[in-house]
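Inspection log for the structure reproduced underneath, given as structure tokens.
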Amino acid sequence: MSTFEVIIYEKKDEIGYVTLNRPHALNAYNIQMRDELYQVLAAIRDDPDVRVVIFKGAGERAFCAGADLTEFLTAPSPVIARQVRWERDVWGLFLSITKPLIAALHGYVLGSGVEIALCCDIRVASEDAQFGTPEMGLGIIPAAGGSQTLPRVVGIAPALDILLTGRWIKAEEARRLKLVNQVVARGDLLPTAERLANKIKLYDLKAISYAKQAINRGLDLNLEQGLELEANLGSRLLASRNLG
Ligand code: COA
């Protein structure tokens with residue numbers, strides 16, 4: 001069990017559970033959540049007992065309603081904000097984790113809520129989930145990698161449509177756009193995520209992590225480089241078995 005305040009971190013049967021826990025504010029992402037998430041992500045990365053992780057939101061109404069608007073643009077100065085980001089790059093850390101990450105999404109999934117989901121590998125949504133990127137209306141651009149992760153997941157045309165118009169998307173359209181992998185009844189959300197986690201955790205952790213790296217890193221390479229990456233990871237995997 002964790003001792004954090006706005007995130008609950010639990011471990012059960014080799015599955016890590018990260019719950020965004022500010023239900024009174026629809027789990028809006030604030031500075032404290034950023035700091036706690038950074039610690040939790042480092043623990044996930046380093047803990048050999050955690051093989052797969054599920055991210056979810058506390059309460060009935062939201063996974064996460066985006067950045068906390070009461071802290072909006074309150075960073076002391078761009079210089080300090082940049083320094084904090086350099087020292088504590090939550091999103092870089094999130095995307096560098098090679099373990100499989102599953103997002104269980106319900107209710108409002110807005111702004112950084114979408115971006116947290118996009119840092120995960122598999123996204124399951126309940127029928128009541130609604131997605132949106134309100135950044136344009138606030139005069140900002142996504143700050144948690146969304147301008148890069150969204151087009152990589154849904155393609156450039158839907159990403160531009162979603163980001164530039166700020167229109168909201170219901171669960172079924174999110175599934176059609178491949179923003180989420182599947183949509184289930186609200187009561188089936190966590191059980192579905194757990195079924196996936198329980199299946200994945202049985203596989204060889206190194207093979208899973210190399211497959212994830214081959215796909216994610218390969219997307220930024222040309223085909224020839226991508227095939228080379230795949231071959232390298234494949235031989236490293238075999239070599240580690242022969243040594244072990
Ligand atoms: N930051 C801080 N607090 C937030 C929040 C956010 N992003 N989103 C919701 N909350 C708080 C509300 O202030 C409210 O607190 P209160 O009960 O103390 O007044 C509580 O969460 C419930 O939200 P409320 O607005 O009353 O619910 P609603 O059903 O009427 O509307 C939303 C839900 C999501 C449509 C609305 O809260 C909203 O638009 N939130 C902001 C979304 C946003 O722009 N996020 C930033 C993305 S970059």
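Both ligands and their constituent atoms are indexed starting at 1 by order of listing. Counting from 1, the numbers follow the sequence of the chain as shown.
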Does [atom] have a protein non-hydrogen atom under 4.0 Å from it?
| atom | answer |
| --- | --- |
| atom 48 (S) of ligand 1 | yes |
| atom 21 (O) of ligand 1 | yes |
| atom 30 (O) of ligand 1 | no |
| atom 1 (N) of ligand 1 | yes |
| atom 24 (P) of ligand 1 | no |
| atom 10 (N) of ligand 1 | yes |
| atom 44 (O) of ligand 1 | yes |

Value for OG (S147) from CD (E115), rounded to nearest 0.5 Å, stands at 8.0 Å

Between the CG atom in L69 and the CG atom in N30, the distance rounded to the nearest 0.5 Å is 11.5 Å

[options]: member with heavy atom nearest to [atom]:
| atom | options | result |
| --- | --- | --- |
| atom 3 (N) of ligand 1 | A62, A25, P142 | A25 |
| atom 7 (N) of ligand 1 | A67, G132, S112 | A67 |
| atom 8 (N) of ligand 1 | A65, A143, G59, P134 | A65 |

Looking at ligand 1, is there an atom of it that comes within less than 4.0 Å of some heavy atom belonging to R61?
yes

Of the backbone atoms (N, CA, C, O) and the side-chain heavy atoms from C-beta on, which set of [X] has a member under 4.0 Å from an atom of ligand 1: side chain, backbone, both, or neither?
| X | value |
| --- | --- |
| L138 | side chain |
| A28 | side chain |
| H24 | backbone |

Sorted by chain and residue number, the salt bridge (charged side-chain N to carboxylate O under 4.0 Å, His left out) partners of K212 (sequence neighbours excluded) come out as D121

Under 4.5 Å between side-chain heavy atoms, counting indirect links through other Ile/Leu/Val/Met/Phe/Trp/Tyr residues: same cluster for V153 and L101 or not?
yes

### Side-chain donor-acceptor pair present, T19, N21, cut-off under 3.5 Å
no

Residue, atom and distance of the protein heavy atom nearest atom 37 (O) of ligand 1 read L26 CD1, 3.8 Å

Closest to atom 41 (C) of ligand 1 among protein heavy atoms sits L69 CD1, 3.7 Å

In this structure, are over 12 heavy atoms from other groups packed under 6.0 Å from [X] atom [atom1]?
| X | atom1 | result |
| --- | --- | --- |
| I141 | CD1 | no |
| Q225 | CD | yes |
| L238 | CG | yes |

Between [X] and [Y], is there a side-chain N and carboxylate O pair less than 4.0 Å apart?
| X | Y | answer |
| --- | --- | --- |
| D13 | K201 | no |
| R167 | D161 | yes |
| E172 | R175 | yes |

Item to check | G111-ligand 1 polar pair, N/O distance under 3.5 Å | outcome: no

Taking only non-hydrogen atoms of L110 and a 4.0 Å limit, the atoms of ligand 1 in range are 34 (C), 42 (C)

Taking only non-hydrogen atoms of W168 and a 4.0 Å limit, the atoms of ligand 1 in range are 35 (C)

The ring pair (Phe, Tyr, Trp, His ring centres under 6.0 Å) partners of F55 (sequence neighbours excluded) come to F94

